[in-house]
Amino acid sequence: MNKDRETSEHRDSLPEQTRHRLDKLNKLRSEGKDPYRLTRCEVTHQASGVVADFEQLEGETVSVAGRIMARRGMGKVSFADLLDRTGTIQVFSRLDQLGQDSYEAWQELDLGDLVAVTGQVFRTRTGEISVRNFSWTLLAKSLRPLPEKFHGLRDTDLRYRKRYLDLMVNPEVRDTFEKRGRIIRLIRGELDRRGYLEVETPLLNTIAGGAAARPFTTHHNALDLDLFLRVSPELYLKRLIVGGLERVYEIGRNFRNEGMSTRHNPEFTMLELYQAYGDYHTMMDITEALFSICCLDICGSHDIDYQGMAISMEPPFCRMSMIEAVRLHTGLDFDVLKTDEEAREAAKACGLEQVTVNMTWGEVLNTCFETYVEEKLIQPTYLIDYPIEVSPLTKIKAGTGGRLTERFEIFVVGREHGNAYSELNDPFDQRDRFADQQRRRDAGDDEAQLPDEDFVEALEYGMPPTGGLGIGIDRLVMLLTNQPSIRDVLFFPTMKPQDG
RNA sequence: GAUCCACUAGCUCAGUCGGUAGAGCAUCUGACUUUUAAUCAGGGGGUCUGGGGUUCGAAUCCCCAGUGGAUCACCA
């Protein structure tokens, strides 16, 4: 709120409620009681602590601080609900205890004002644990009316744009984000226990590698250099494996310049980890451990509800090959369909319209999976053995004629939650795969991966056999907090400006 | 990018057949010394998202735009 708004002509144009609050603030300032000048206050107890430790605290004097969320005036007595980060505590104020001036000033407070209260812990006649107001301080004036307390803030537009209001009046929102923080802490704890080093790698990339996705572009002025926001930290993390760190992980933001949905935000948080001397089976064990640990801690059970679906997060998770899954759901058997031509014809006969003339056996298989199977994988399932065409950084699976790779994605509630593989460490093969990706790019596939010759050079020094895993943190949080949209687990989801 | 839906007081929502706008909470005035969605009495508050059109008359019907939501496309 800028200085202009304190002048009289602006005052008159303000909504009634804001005008009243501004008048009160100006009155305080003119009396030398500017609340914004205070720099700190002594807080001895949290709201939930007063309630939890009532037996010990009854009769003791405590200092609490928070936002006034509700008031119930009774004349010479009044009640207020004070909200801090732990919850709500009731403040009981009496005229004869505060004195005329202090009580009148207390009655002048508005919903949303931030106050500190010092007083005695006691239980009211109706049993409510409260703080008897002996003295209080206004810590900050709230100049705008709060959203309604009973219904909360419903308008999704407002909730996402002004998340602070959402957090003030919708307690379950705070709960979701506290759980998000806990999930990330649990993951760090488990990986630290397993001897992983947490690392950070560049967000500004000269080559946006490691995933097939369109990047955001930016520019460095001093170097006169176009840069890309990373779409994945994968190639950097594997360089660290080459460097001998053996077990590394990074939890951080990826940026993909693509469509948005309930499952996609342009920036999102990924866990990526790499373990030398492991493979994709090692990564299945870690995935199960991480999911299970988080689920038990957050939900208290392996049996959870997600949007009306009963999900069992009890390890071990179901494992099924892509060929098997497609056979099960479409009847098409890619063990029998041998050539690209046969695969295309069979899929077309099955009604798959996306099939184009150039598609290979593996691409058809993958398209069949995405079209007919993916959304049906409700219970946690490791979908294994992906076609080589869609897995340019992955080791070939022995005995598949070079068609399939040692890779899995984990699906829950019909969504991809993670992606892992036995990392390709053959520099010759890797160079060929990049060349293949380049051919696809040249043929018009702008999502094909960009060759990274420096990465291949790193492989030439020798990378041990390595298992790698990526888990979408936002989707995991959605799953464990039963939120329907990724925007509900991001404090500030990407939004169009309103006057855009 | 496509389709459908929504947008009314600070917030949550009604608004019939096209006839000058309603409620609850919040706010203001008054009453009230243990309330808790406090209660009681009274008052104020609106660019009906924006622009255009049809009409004697539009929150309401039509067109365009904005923002959001859902679905699809995209996302190996």
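Proteins get letters first, then strands, A, B, ... in listed order; numbering begins at 1 in each.
Residue Arg132(A) has its side chain nearest to U34(B) when only U12(B), C74(B), U34(B) are considered. Checking C11(B), G69(B), A76(B) against every side-chain atom of Tyr160(A), the shortest atom distance belongs to G69(B). Side-chain proximity of Arg94(A) to the nucleotides U33(B), A37(B), C11(B) is greatest for U33(B). For Tyr421(A), counting side-chain heavy atoms from C-beta on, the closest listed nucleotide (U34(B), C11(B), A76(B)) is A76(B). Of all nucleotides listed (G44(B), C13(B), G10(B)), C13(B) comes nearest to the side chain of Arg154(A). Among the nucleotides G68(B), A70(B), U12(B), the one closest to any side-chain atom of Arg161(A) is G68(B). The listed nucleotides are U36(B), A26(B), U34(B); the one nearest the side chain of Lys149(A) is A26(B). The nucleotide whose nearest atom lies closest to any side-chain atom of Glu16(A) is, among U34(B), C28(B), C11(B), C28(B).
We find that CZ of Phe150(A) is positioned 18 Å from P of C11(B), with the value rounded to whole Å. Taking atom CD on Gln107(A) and atom C1' on U29(B), their separation rounds to 15 Å, with Å as the unit. As rounded to whole Å, 13 Å separates atom C1' of G66(B) from atom CE of Met495(A). Atom pair Glu374(A):CD and C74(B):C1' shows a separation of 13 Å (rounding to whole Å applied). Summarising the geometry, the separation between CG on Asp155(A) and C1' on C5(B) is reported as 14 Å, rounded to the nearest angstrom. Here C25(B) presents its P atom at 20 Å from CD1 of Ile68(A), a figure rounded to the nearest Å. The nearest whole Å value for the distance from the CG atom in Leu143(A) to the C1' atom in G10(B) is 13 Å. The distance between atom CE of Met74(A) and atom P of C40(B), rounded to the nearest whole Å, is 13 Å.
Residue Lys496(A) has a polar side-chain atom (N or O) positioned under 4.0 Å from OP1 or OP2 of U67(B). Checking the phosphate oxygens (OP1, OP2) of U39(B), no side-chain nitrogen or oxygen of Arg72(A) falls inside 4.0 Å. Phosphate proximity of A70(B) to Arg487(A): present, with a side-chain N or O under 4.0 Å from OP1 or OP2. A close approach under 4.0 Å does not occur between any side-chain nitrogen or oxygen of Lys162(A) and OP1 or OP2 of G68(B).
In this structure, Lys395(A) does not pair ionically with Glu406(A), as no charged nitrogen and carboxylate oxygen lie closer than 4.0 Å. In this structure, Arg239(A) pairs ionically with Asp452(A), as a charged nitrogen and a carboxylate oxygen lie closer than 4.0 Å. Checked for salt-bridge contact, Asp474(A) and Arg180(A) meet the test: a charged N lies under 4.0 Å from a carboxylate O. Looking at Arg71(A) and Asp110(A), no side-chain N of the basic residue comes within less than 4.0 Å of a carboxylate O on the acidic one, giving no salt bridge. The residues Glu453(A) and Arg431(A) are annotated as salt-bridged, a charged nitrogen and a carboxylate oxygen being separated by less than 4.0 angstrom. Between Arg327(A) and Glu324(A) there is no salt bridge, since no side-chain nitrogen of the basic residue lies less than 4.0 Å from a carboxylate oxygen of the acidic one. Of the charged side-chain nitrogens involved, at least one lies within less than 4.0 Å of a carboxylate oxygen, so that Arg433(A) and Asp429(A) count as a salt-bridged pair. Salt bridge present: Asp436(A) and Arg440(A) bring a charged side-chain N and a carboxylate O closer than 4.0 Å.
For Glu128(A) and U34(B), a side-chain-to-base donor-acceptor distance below 3.5 Å is absent, hydrogens and geometry of angles not being considered. Contact annotation: side chain of Glu148(A) to base of A26(B), donor-acceptor pair absent below 3.5 Å. For Thr126(A) and U34(B), a side-chain-to-base donor-acceptor distance below 3.5 Å is absent, hydrogens and geometry of angles not being considered.
Proximity of Met478(A) to Arg415(A): side-chain heavy atoms (C-beta onward) are separated by under 4.5 Å at one or more points. Counting only heavy atoms from C-beta outward, the side chains of Gln90(A) and Thr124(A) approach each other to under 4.5 Å.
Heavy atoms of Thr156(A) sit under 4.0 angstrom from primed sugar atoms or phosphate atoms, though from no base atom. Within 4.0 Å (heavy atoms only), Glu389(A) reaches no atom of the nucleic acid at all. Counting non-hydrogen atoms under 4.0 angstrom, Arg407(A) reaches a base of the nucleic acid. Using a 4.0 Å heavy-atom distance criterion, Leu95(A) is classed as making no nucleic acid contact. Contact annotation for Gly152(A): backbone-only contact, meaning every heavy-atom pair under 4.0 Å involves sugar-phosphate atoms and none involves a base.
Comparing the P positions of C62(B) and C5(B) gives an interatomic distance of 10 Å, to the nearest angstrom. Straight-line distance between the C1' atoms of C17(B) and C61(B): roughly 12 Å, to the nearest whole Å. Nucleotides A6(B) and G19(B) are separated by 26 Å at their C1' atoms, to the nearest Å. Look at the C1' atom in both C40(B) and C48(B): the space between them is 33 Å, to the nearest Å. A9(B) and C64(B) have their C1' atoms separated by 28 Å, with the value rounded to a whole Å. Taking atom C1' in both G42(B) and U35(B), one finds a spacing of 23 Å when rounded to whole Å. With both ends at atom P, the span from A14(B) to G46(B) equals 22 Å, rounded to whole Å. The gap from the P atom of U67(B) to that of G50(B) amounts to 15 Å, rounded to the nearest Å.
When all heavy atoms of Asp279(A) and Ser422(A) are compared, the closest pair comes out as CB-OG, 3.4 Å. The two residues Val91(A) and Val117(A) have their closest heavy-atom pair at CG1-CG1, 4.0 Å.
For U8(B), the base adopts the anti conformation, since its glycosidic angle falls more than 90 degrees from zero.
Ring centroids of Phe122(A) and Phe92(A) are separated by less than 6.0 Å, placing the two rings close together.
Between Leu111(A) and Asn366(A), it is Leu111(A) whose nearest contact on RNA chain B lies nearer the 5' terminus. Residue order along RNA chain B, read from the 5' end via each residue's closest nucleotide, puts His20(A) first among His20(A) and Ala212(A).
Against RNA chain B, the stretch residues 254-262 of chain A makes heavy-atom approaches under 4.0 Å through Glu258(A), Gly259(A), Met260(A), Thr262(A).
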- Pair pattern of RNA chain B in dot-bracket, where unpaired bases get dots and | marks partners in another strand, Watson-Crick or G-U under 3.5 angstrom: (((((((..((((.....[..)))).(((((.......))))).....(((((..]....))))))))))))....
